[in-house]
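Take a look at the structure below.
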Amino acid sequence: MPSRTPDEIRASIQRNREALAVSVVELRGEVAEITDWRKQLRANQRPLAIGAAATGFVISGGLAGLTGLLTFRRQRRRRRA
């Protein structure tokens, strides 16, 4: 492999710096877009609303079911006693 001259090495380093600078700018833009929660909320408003409604239904139904189960057990114990 032929050895490179100092000028070739400097030019290579400069090209790498420029490419890295471009990559950093692109990455910053992508990170800003991904972490913009307001934009994500607007883009996914319907699925989020459906998920929130389903979660509320499950939680309220789960609590009501648990309360009914506990009440049923108490009534059954009272009948046996």
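Side-chain atoms are counted along with the backbone in the values below, which use heavy atoms only and exclude waters and symmetry mates. No experiment lies behind these values; they were computed from the predicted model shown.
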Sequence-distant partners of [X], side chain to side chain donor-acceptor pair (under 3.5 Å), two or more places apart:
X   : value
E18 : Q14
Q45 : none
N16 : none

> Which residue pairs satisfy the salt bridge (charged side-chain N to carboxylate O under 4.0 Å, His left out) criterion with at least one member in residues 27-36, sequence neighbours excluded?
Replying inline: E33-K39
> How long is the span from the OG1 atom in T5 to the CZ atom in R10, to the nearest 0.5 Å?
Replying inline: 8.5 Å
> Which value, rounded to the nearest 0.5 Å, describes the distance between I50 atom CD1 and N44 atom CG?
Replying inline: 11.0 Å
> Just by modelled atom types, is the E8 backbone N or O under 3.5 Å from a matching donor or acceptor in the S12 side chain?
Replying inline: no
> Rest of the hydrophobic cluster containing L20 (Ile/Leu/Val/Met/Phe/Trp/Tyr, side-chain heavy atoms under 4.5 Å)?
Replying inline: V24
> If you group Ile, Leu, Val, Met, Phe, Trp and Tyr whenever their side-chain heavy atoms sit less than 4.5 Å apart, what else falls in with I9?
Replying inline: I13
